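See below for the structure under consideration.
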2 protein chains.
Amino acid sequence: MAAEVATKLRAEIVEGVLAPNERITQGAVAERLEVSRLPVREALQQLAGEGLVSLERDVGARVTPLDPKDLIETYIVREALEPVLTESAARRIDAEQLAALRAINDESEVCAEREDIDGYLAVDRRLHGGIFAVADLPRVQAVITGTFATAERYRRAFSILPHRLETSVVEHRMILDAIERGAAEDAGELHRIHIRRTRLTLSEHPELFSRGGDDG
Amino acid sequence: MAAEVATKLRAEIVEGVLAPNERITQGAVAERLEVSRLPVREALQQLAGEGLVSLERDVGARVTPLDPKDLIETYIVREALEPVLTESAARRIDAEQLAALRAINDESEVCAEREDIDGYLAVDRRLHGGIFAVADLPRVQAVITGTFATAERYRRAFSILPHRLETSVVEHRMILDAIERGAAEDAGELHRIHIRRTRLTLSEHPELFSRGGDDG
DNA sequence: ATCGCTGGGATTAGATCCAATCTGTGAGCT
DNA sequence: AGCTCACAGATTGGATCTAATCCCAGCGAT
């Protein structure tokens, strides 16, 4: 039950339903989701571990604000770890798994053409998830997935910028090509570059952080 | 309160007081530490996040067993992220901070000479913690410190092997030297090698994992 | 004799209750 | 008028209570 509450709150934070710096009281959430305060409490601790909310003893939780320094740190973690998974996946993948990843990437191209940001981000999650599953490094994967929601908060603001989805699609295809030809290190390096480019582009747009200074 | 319980349980797992695969019941811990079961529950969730215990719904927690694959994953995370912190620290450090790190490393040499494993590991933690503090990347640091307890479980078994402490001391001094001469990338690379060597040496001794198959 | 099933004890998950702490408003003082 | 302090309401953290689930011993059937 705590898990469901965490999932719901996570989505609300990522989607901006809960604004940065907004206070989250256990009682309000409990009433809204029709559960007791206990699962809410546990969910908030989980989200605090992911950095989505900040907890202060005897005060409560508030939505962690977006800020450039935090963005950089989140992407440092992804940049250091995701290539490891991609490289491992490239060494282990079989034809069937590769075909499945190709299919997912094809879907993402459709979303990109339609400028369907929500759809694209969802498919993108599945693509990365598919690669991670093949890599079979659950512990490393857990660290990365822990940063996903935060990363998506930044990307969601970022994707509003025009013409970025196509760039992403091309980079994904390059990674899959490298995996297909068995160039594990290349695949990892391409993934690393992909993440770094995303981070640098995001960093160039500090105006994305200004809104959301909402202080209840 | 939950934090204190987590700290205590973490120490007991690392020190082997709680054996691998041993079941941890909320009630028993609550009674032993003279708190209610609620903080124990929260502590166990925290420890599950660090991978020290495995939770199963409606069943409870048990101490995660040591195993070679998990060791590799833990060290992959450290190898990818700690050099980033070291490099950042090298770029930001001032003379006073450097002197403090030198002092800590001197302490570690004393422990190494005395073959004082517990003392050495404690000082080692302080050294790494000191470097991390200078790096000023709290989010990255949080990920690494989350892996620390697990890494220490393996190291603790490892340090029983003779003559390893001295190697470690030398490597630490090399890292500090690189930091002192402002060679940030060298410092990071040396740190990476330091971690990788530790991991490889550990992997060469699978017998360290055999004990602890204790299934309460 | 071994396997499967049932019932009781143990254990966890969730709800409710209570005490301690914080926040914020408003009165009183300078 | 502005600041300080105190009190009341709100909120969290911890304890206790209840229901659901699991584990396991013991019994019966094959």
Side-chain angles (χ1 to χ4, degrees), chain A residues 1-13 17-65 142 146 149 212-216, chain B residues 1-13 17-65 142 146 149 212-216:
Chain A
M1 201 158 210
E4 283 100 48
V5 175
T7 302
K8 191 114 176 64
L9 287 177
R10 190 183 294 114
E12 290 182 353
I13 292 170
V17 178
L18 296 170
N21 271 319
E22 182 174 341
R23 197 157 163 203
I24 303 178
T25 63
Q26 297 170 7
V29 176
E31 194 175 349
R32 190 154 58 86
L33 303 185
E34 296 182 309
V35 295
S36 85
R37 276 179 39 211
L38 200 120
V40 176
R41 221 161 120 175
E42 291 177 355
L44 287 173
Q45 286 170 355
Q46 167 82 27
L47 297 183
E50 297 173 24
L52 291 174
V53 304
S54 318
L55 295 181
E56 197 179 349
R57 156 113 200 178
D58 287 326
V59 175
R62 54 179 68 233
V63 179
T64 304
D214 189 316
D215 194 323
Chain B
M1 200 159 209
E4 284 98 46
V5 175
T7 303
K8 191 113 175 68
L9 287 177
R10 190 183 293 113
E12 290 182 352
I13 292 171
V17 178
L18 296 169
N21 272 318
E22 182 174 341
R23 199 159 162 200
I24 304 178
T25 63
Q26 297 170 6
V29 177
E31 193 174 351
R32 190 153 58 85
L33 303 185
E34 295 181 311
V35 295
S36 88
R37 280 179 35 209
L38 201 121
V40 176
R41 218 161 122 177
E42 292 177 355
L44 287 173
Q45 286 170 354
Q46 167 83 27
L47 297 183
E50 297 174 25
L52 291 174
V53 305
S54 317
L55 294 181
E56 198 179 349
R57 155 112 200 182
D58 287 327
V59 175
R62 55 179 67 232
V63 179
T64 305
D214 189 316
D215 193 325

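Quick note on labels: first sequence line is chain A, next is B, and so on, each numbered from 1. Computed from a predicted model, the values in this text were never measured in an experiment.
Between B:Val5 and B:Lys8, the closest side-chain pair of non-hydrogen atoms is not below 4.5 Å. Using a 4.5 Å cut-off on side-chain heavy atoms (C-beta onward), B:Glu12 and B:Ile24 make no contact. Side-chain contact between B:Leu18 and B:Leu9 is present, with at least one heavy-atom pair separated by less than 4.5 Å. Considering only heavy atoms from C-beta on, B:Val53 comes within 4.5 Å of B:Ile13 through its side chain.
Taking every side-chain heavy atom of A:Thr25 into account, D:dT12 is the closest of D:dT12, D:dC23, D:dG14.
Nucleotide C:dG14 holds its C1' atom 18 Å from the CD atom of A:Glu31, rounded to whole Å. The interatomic distance linking A:Arg23 (CZ) with C:dT23 (P) rounds to 7 Å, in whole Å. Rounded to an integer number of Å, the gap from A:Gln45 CD to C:dA13 P is 14 Å. Protein atom CG of B:Asp58 is 16 Å distant from nucleotide atom P of D:dA19, rounded to whole Å. A:Leu55 has its CG atom 10 Å from the P atom of D:dT12, to the nearest Å. C:dG14 atom P lies 8 Å from atom CD of A:Glu4, rounded to whole Å. Here D:dT11 presents its P atom at 13 Å from CZ of A:Arg62, a figure rounded to the nearest Å.
Within the 4.0 angstrom heavy-atom criterion, only backbone atoms of the sugar-phosphate kind lie near A:Ile24; the bases stay farther away.
Along DNA chain C, the nucleotide nearest to A:Glu56 and the one nearest to B:Gly60 differ in position, and the one closer to the 5' end is contacted by B:Gly60.
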Quiz item: Step by step, would you call B:Leu38 with A:Leu38 a side-chain contact (heavy atoms from CB on, under 4.5 Å)?
Solution: CA-CA 10 Å; B:Leu38 201 121; A:Leu38 200 120; 3.3 Å; yes
Self-check item: Criterion side-chain hydrogen bond (donor to acceptor under 3.5 Å, both in side chains) on A:Glu42 and A:Gln46, from CA distance to verdict
Solution: CA-CA 6 Å; A:Glu42 291 177 355; A:Gln46 167 82 27; over 6 Å; no
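Regarding contacts with the backbone of C:dA13, a side-chain N or O of B:Gln26 is found under 4.0 angstrom from either OP1 or OP2.
Note that CG of B:Leu44 and CZ of B:Arg37 are 10.5 Å apart. Values are rounded to the nearest 0.5 Å.
Residues from residues 35-44 of chain A with heavy atoms under 4.0 angstrom of DNA chain D, sorted by number: A:Arg37, A:Arg41.
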